[in-house]
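Take a look at the structure set out below.
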Amino acid sequence: MSGKKGWFRRKKIISDAAPSLGQAPEFDDAVLESERGIATSPLNDSVAFAGNRKKHGNRARNRLIMAISCFVGIYAVIGGRLVYYGLQGGENDGYRAGAASTLAARPDILDRNGEVLATDIKTASLYAEPKKIADPDETLELLATVLPNLDWENTYRRLKSGAGFVWIQRGLTPRQQSQIMALGVPGIGFRTEKSRFYPGGPTASHILGLVNIDNQGIAGMEKYIDSQGLSDLRMAGLAQPDNLEPFRLSIDLRVQHIMRDELVRAVEKYRAIAAGAVVLNAKTGEVVAMASVPDFDPNNPFNALEKDRLNRMSAGTYEMGSTIKSFTTAMALDSGKFNLESKFDATRPITIGRQTIRDFHGKARWLTLAEVFIYSSNIGSGKEVDAIGIEGHREFLKRVGLLDRMQTELPEVARPVEPRVWKKVHSITISYGHGMMTTPLQTAVAAAALVNGGKLIPPTFLPRTQDEANAVATQVLKPKTSDDMRYLYRLNSEIGSGRRAEVKGYRVGGKTGTAEKVINGRYSKDVRFNAFLAAFPMDDPTYVVLTIIDEPKPEEGKLSATAGLNAAPMVANIIRRSASFLGVSPDFAQDGAPILAAYEND
């Protein structure tokens with residue numbers, strides 16, 4: 001038998017015997033080598049040892065490289081995911097940011113007497129952890145039994161997102177919270193947040209404004225407060241209740257409530273599309289009350305952005321009609337060219353090109369300056385501005401603040417509209433209130449200068465002292481001009497178009513304004529914007545009151561709907577109900593006194 005066959009036989013015998021020995025067979029390398037005819041020697045032993053050591057060293061190095069590679073790969077994946085989420089700035093991150101920001105507080109807003117107009121309250125908001133929700137469909141169906149207005153599509157998408165946190169609904173009522181808790185739905189929870197609450201509801205909505213879902217001011221004085229440093233405090237995490245002083249306004253809640261109540265009644269009574277009013281302190285420029293209806297409830301502002309909810313007093317511009325004749329008359333008097341007895345030819349209409357200017361109730365005779373005002377003569381007003389000139393007319397209106405955007409704390413303020421190029425026809429039509437648009441609040445501010453001695457005082461919604469007002473006031477009229485305008489205002493309320501604004505004991509004076517609205521590019525005689533500009537008490541005016549009513553219809557039993565029939569009675573009702581709250585006591589002894597005598601005693 002050859003050596004090779006003997007080697008296989010020996011190997012087989014040893015293999016067969018191995019199980020009986022209870023151990024794995026062992027082979028002697030030297031024996032095996034000799035069986036194959038290979039001689040063994042010390043040199044061969046050294047070479048074999050070196051080979052084994054090299055083989056085991058390579059294996060250890062390979063294992064180390066593989067371990068390092070695994071660790072690097074794992075951390076690379078983790079780091080990549082972190083970078084991805086950071087760059088995404090996705091929906092869930094927004095929710096977390098919103099959740100953190102809503103914990104910041106806002107200061108209470110108070111009226112001038114300390115009554116709360118706006119405050120923070122704690123509410124519960126519903127969130128979900130989609131990773132812990134096994135059945136999004138069932139979860140959504142259960143939540144909808146308590147929240148029927150839930151956005152199904154959007155909510156389902158959030159519940160299926162697999163994120164760690166998503167908002168479901170903010171600002172739950174206590175009842176909704178308890179009902180959802182009773183459902184026992186896994187993967188959802190509640191977070192306590194701060195929400196804004198307005199005790200007066202819509203009473204002062206256009207002044208106070210709104211906050212968004214994260215309790216940040218987005219309109220009105222709420223937005224102004226943020227701009228005065230509250231946003232910085234929130235960013236620094238310092239907007240906590242203990243750090244915030246109440247924010248006091250110049251508004252008197254009692255007068256504000258009366259005003260809004262009268263506006264709501266007027267819209268219903270005269271079947272108008274809108275109404276507005278303002279009470280302004282003529283000596284300090286403080287806005288004591290201001291309202292515009294239709295309005296909205298800031299506690300549930302679902303309709304706040306509808307166009308008919310516009311704050312018409314500061315954010316709407318209108319042709320103010322004959323109330324502008326107050327400024328035309330004051331301009332003529334302040335120029336020094338005319339006095340109360342100066343006369344103007346109103347016997348014939350004024351014709352400029354194709355346009356003819358007529359009086360609504362023409363006298364067809366020469367009129368004194370006082371009669372031009374009392375009879376509200378368009379012709380006489382046109383003659384006044386023609387005598388002053390186009391440049392002088394525009395300069396005067398700019399001087400009293402009717403051509404520039406009004407500066408005040410309220411963000412919603414519109415810019416007046418004037419002709420790009422003033423021509424003679426523009427100047428004449430503007431003299432009686434057509435061809436130029438201003439905001440009603442702006443008109444009231446300018447009118448305060450007509451009765452307070454000639455000082456133009458910027459309006460404010462914050463408390464202001466008399467000294468502070470004097471520091472920011474600008475003398476725009478001669479004191480004598482202001483005296484004459486007070487006389488004309490009072491005379492108009494006694495014998496002119498303002499008789500229905502008269503309130504016994506309070507010596508009200510004012511001027512009506514009935515402006516035809518532009519319909520399909522033409523002035524309509526049947527669609528009007530009416531206003532009444534008033535001040536009281538006229539011997540020493542403290543307050544200016546302006547009312548507006550948009551597209552009023554004739555009152556039942558009457559054929560007309562001019563300002564004297566609707567806007568003037570609105571002023572009378574507001575003064576009658578609020579004068580005592582404003583600190584103005586009635587003086588019935590002055591009611592029967594001659595008008596001139598009352599001013600000669602000043």
Side-chain angles (χ1 to χ4, degrees), residues 112-113 250-259 261-262 277-289 323 326 329-330 340 370 373-374 444-445 447-455 457 464-466 469-470 477 479-512 532-547 564 567-602:
R112 65 186 306 114
N113 301 311
S250 60
I251 302 302
D252 189 316
L253 183 58
R254 302 166 300 180
V255 181
Q256 181 73 25
H257 173 76
I258 290 170
M259 173 180 290
D261 183 57
E262 288 297 332
V278 61
V279 174
L280 180 75
N281 189 313
K283 297 181 178 181
T284 65
E286 295 170 292
V287 178
V288 180
T323 57
S326 301
T329 302
L340 295 176
F373 187 81
I374 299 302
V445 171
L450 302 184
V451 298
N452 69 4
K455 295 180 180 179
I457 306 174
R464 180 191 282 165
T465 65
Q466 184 68 66
N470 291 337
L477 296 175
K480 178 63 167 61
T481 301
S482 180
D483 291 342
D484 289 343
M485 290 306 302
R486 286 160 49 202
Y487 164 74
L488 291 175
Y489 268 24
R490 180 61 184 148
L491 184 64
N492 192 49
S493 289
E494 287 203 340
I495 64 174
S497 60
R499 293 188 300 274
R500 290 179 177 82
E502 178 70 356
V503 181
K504 295 295 182 182
Y506 292 104
R507 304 175 301 287
V508 179
K511 181 73 182 76
T512 54
F532 191 86
L533 181 58
F536 78 102
M538 287 311 301
D539 51 326
D540 183 20
T542 304
Y543 297 100
V544 168
V545 183
L546 173 65
T547 58
M570 291 165 59
V571 166
N573 293 339
I574 292 172
I575 293 175
R576 185 180 297 108
R577 295 177 60 186
S578 64
S580 60
F581 295 128
L582 295 171
V584 181
S585 300
D587 184 359
F588 299 103
Q590 290 278 7
D591 284 346
I595 298 173
L596 286 176
Y599 298 110
E600 288 173 354
N601 292 332
D602 288 349

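Under a 3.5 Å cut-off, the side chain of T481 and the backbone N or O of A330 do not form any donor-acceptor pair. The backbone N or O of S497 sits less than 3.5 Å from a side-chain atom of N492, completing a donor-acceptor pair. In this structure, the side chain of R507 engages the main chain of G505 through a donor-acceptor pair within 3.5 Å. No donor-acceptor pair closer than 3.5 Å links the side chain of R464 to the backbone N or O of A469. With R499 contributing its side chain and G496 its backbone, the two residues share a donor-acceptor pair below 3.5 Å. Between the side chain of T512 and the backbone N or O of G564, no donor-acceptor pair lies under 3.5 Å.
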### Task
For side-chain contact (heavy atoms from CB on, under 4.5 Å), just list the numbers for S326 and L450, CA-CA rounded to whole Å, side-chain angles, deciding distance to a tenth of an Å, and then say yes or no.
CA-CA 8 Å; S326 301; L450 302 184; 3.8 Å; yes

### Task
Decide salt bridge (charged side-chain N to carboxylate O under 4.0 Å, His left out) for E502 and R490; before the verdict, give the C-alpha distance in whole Å, the side-chain angles of both, and the deciding distance to 0.1 Å.
CA-CA 9 Å; E502 178 70 356; R490 180 61 184 148; 2.7 Å; yes

### Task
Begin from the C-alpha positions of R254 and N113 and carry the test side-chain contact (heavy atoms from CB on, under 4.5 Å) through to its verdict.
CA-CA 10 Å; R254 302 166 300 180; N113 301 311; 3.4 Å; yes

### Task
Check the pair V288 / M259 against side-chain contact (heavy atoms from CB on, under 4.5 Å), numbers first and verdict last.
CA-CA 11 Å; V288 180; M259 173 180 290; over 6 Å; no

### Message
Between I251 and V287, does the side-chain contact (heavy atoms from CB on, under 4.5 Å) criterion hold? Intermediate values first, please.
### Response
CA-CA 6 Å; I251 302 302; V287 178; 4.2 Å; yes

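Looking at heavy atoms from C-beta onward, D484 lies in side-chain contact with L340 at the 4.5 angstrom threshold. For the pair L477 and M485, the minimum side-chain heavy-atom distance is 4.5 Å or more. You'll find the side chain of K511 stays beyond 4.5 Å of the side chain of T329, heavy atoms only. Taking 4.5 Å as the limit, some side-chain heavy atom of V279 sits within range of a side-chain heavy atom of L582. Side-chain contact check for K283 versus D540: some heavy-atom pair is nearer than 4.5 Å.
Of all non-hydrogen atoms in D252 and F581, the two that sit nearest each other are OD2-O, 4.1 Å. Closest approach of L488 to I374, counting heavy atoms only: O-CD1, 4.0 Å. The two residues A501 and A572 make their nearest non-hydrogen contact at O-CB, 3.7 Å. For the pair S250 and R112, the tightest heavy-atom approach, listed with the atom from each and the gap, is O-NH1, 2.6 Å. Closest of all the heavy-atom pairs between A448 and V544 is CA-CG2, 3.8 Å. For the residue pair A444 and L280, the shortest heavy atom distance occurs at O-CD2, 3.7 Å.
Of the charged side-chain nitrogens involved, at least one lies within less than 4.0 Å of a carboxylate oxygen, so that D483 and R486 count as a salt-bridged pair.
Note that CD1 of I457 is 7.0 Å distant from CG of N470, once rounded to the nearest 0.5 Å. In this structure, OH in Y506 is found 10.5 Å from CG in D587, a value given to the nearest 0.5 Å.
The 12-atom threshold is not exceeded at NZ of K455, counting heavy atoms of other residues, nucleotides or ligands nearer than 6.0 Å.
Between Y489 and F373, the ring-plane angle classifies as parallel under the 30° and 60° cut-offs.
Looking at L546, V503, V545 one by one, the single match for side chain to side chain contact (heavy atoms under 4.5 Å, CB included) with V571 turns out to be V545.
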